[in-house]
Q: 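Sharing a structure below in structure tokens format, with a few things to ask.
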Amino acid sequence: GTSTPMGKLNDFADDDITDEEEGEDELFAGLSPEERFGKLEEIMSVADANPVTDLEVGDEVEVYIQAVALQSGRFMLTTNPSSKKMKEVKKESKANKAVERLIAKFGGDINNILSLKGTECEGIVKATSQTGDWLYIQPQKDDLPVGIAALAEGINAENLAKGDTVKVRLDGIDESRGQLAMTIIEV
């Protein structure tokens with residue numbers, strides 16, 4: 001296979017990497033093995049961390065586990081102690097794509113979303129989280145998309161079910177999920 005600073009490209013098979021969050025927004029979806037390694041090198045900034053060219057056989061190097069492929073028993077190492085885990089990178093990438101889609105729904109201008117901050121309106125509960133600390137709410141204003149709603153003090157998610165009407169305050173964008181952010185202020 002083709003050699004890179006990280007190894008040979010044919011050393012990894014698609015089924016070597018498992019992840020419970022695989023889906024349409026897969027970080028490597030549609031990429032060839034060469035492109036995947038290019039993306040990995042970009043993400044981990046291998047060339048910027050500690051150049052491989054400075055190493056000699058027998059040198060001791062402090063390394064950190066970057067990712068583990070459970071099926072094959074392989075793992076990726078990095079010399080960068082502050083590098084992100086692949087799941088974190090993947091989650092961040094999905095959230096960034098979702099924010100871009102959300103902004104596009106608002107005419108491509110983030111200010112159109114931010115101008116709604118503080119607006120109160122009715123909303124319909126679409127789903128509850130398993131942890132109970134947030135819900136999916138469909139605001140009943142200007143065809144706004146479903147968003148993530150936190151619970152204001154004194155409001156208990158156990159009293160809410162799918163289809164219930166609540167009053168929400170729009171808070172902007174939940175950047176960790178790439179959706180509208182709001183707070184349930186009244187049940």
Q: How far apart are the closest heavy atoms of Asp174 and Ala181, and which atoms are they?
A: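 Minimum heavy-atom separation between Asp174 and Ala181: N-CB, 3.6 Å.
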
Q: Any chance the side chains of Tyr64 and Glu62 put a donor and an acceptor closer than 3.5 Å?
A: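 Yes, a side-chain donor-acceptor pair sits under 3.5 Å.
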
Q: Given Val168, which of Glu120, Glu186, Met182 fulfils the side chain to side chain contact (heavy atoms under 4.5 Å, CB included) condition?
A: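 The option that passes is Met182.
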
Q: Rounded to the nearest 0.5 Å, what's the gap from CD1 on Ile148 to CD1 on Ile173? Could you check?
A: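 Rounded to the nearest 0.5 Å, the CD1-CD1 separation comes out at 13.0 Å.
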
Q: Quick one: CD on Gln140 to OG1 on Thr165, what's the gap to the nearest 0.5 Å?
A: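 If we round to the nearest 0.5 Å, Gln140:CD and Thr165:OG1 are 7.5 Å apart.
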
Q: About how many Å separate OG1 of Thr119 and CG of Asp171, when rounded to the nearest 0.5 Å?
A: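 Answer for the CG-OG1 pair, Asp171 versus Thr119, is 10.0 Å.
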
Q: Which pair of heavy atoms, one from Trp134 and one from Ser129, lies closest together, and at what distance?
A: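 For Trp134 and Ser129, the tightest heavy-atom pair comes out as O-OG, 2.9 Å.
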
Q: Could you state whether Leu102 and Ile137 fall into the same hydrophobic cluster, counting links through intermediate Ile, Leu, Val, Met, Phe, Trp or Tyr residues with side-chain heavy atoms under 4.5 angstrom apart?
A: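 Linked, Leu102 and Ile137 end up in one cluster.
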
Q: Is there a path of hydrophobic side-chain contacts, each under 4.5 Å between heavy atoms, that joins Leu144 and Ile103?
A: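 Hydrophobic grouping puts Leu144 with Ile103.
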
Q: If you look at every heavy atom in Gly147 and Gln179, which pair is closest and at what distance?
A: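 Where Gly147 meets Gln179 most closely, the heavy atoms are CA-CB, 4.4 Å.
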
Q: For residues Leu116 and Leu180, determine if any side-chain heavy atom of one lies less than 4.5 Å from a side-chain heavy atom of the other.
A: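 Heavy-atom side-chain distance check fails, nothing below 4.5 Å.
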
Q: To the nearest 0.5 Å, tell me how far Lys167 NZ sits from Thr183 OG1.
A: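 Going from NZ on Lys167 over to OG1 on Thr183, the span is 13.5 Å.
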
Q: Check each of Asn159, Val125, Leu160 against Val187 using the side chain to side chain contact (heavy atoms under 4.5 Å, CB included) test, and report the only one that passes.
A: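 The side chain to side chain contact (heavy atoms under 4.5 Å, CB included) with Val187 is passed solely by Leu160 among Asn159, Val125, Leu160.
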
Q: Hey, mind stepping through Leu135 and Leu151 against side-chain contact (heavy atoms from CB on, under 4.5 Å) and telling me if it holds?
A: CA-CA 8 Å; Leu135 296 98; Leu151 304 168; 3.3 Å; yes

Q: For atom CG of Asn156, decide whether the heavy atoms of other residues, nucleotides or ligands shown that lie under 6.0 angstrom number more than 12.
A: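 Check passes, neighbour count above 12.
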
Q: Testing the basics here: between Glu175 and Ala95, what is the closest heavy-atom pair and its distance to 0.1 Å?
A: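 Result for this residue pair: O-CB, 3.4 Å.
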
Q: Where do Asp164 and Ala161 come nearest, in terms of heavy atoms and distance?
A: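 Minimum heavy-atom contact is OD2-N, 2.7 Å.
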
Q: Work out which heavy atom in Ile155 is nearest to a heavy atom in Ile185; give both atom names and the distance.
A: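 Looking at all heavy atoms of both residues, the closest pair is CD1-C, 3.5 Å.
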
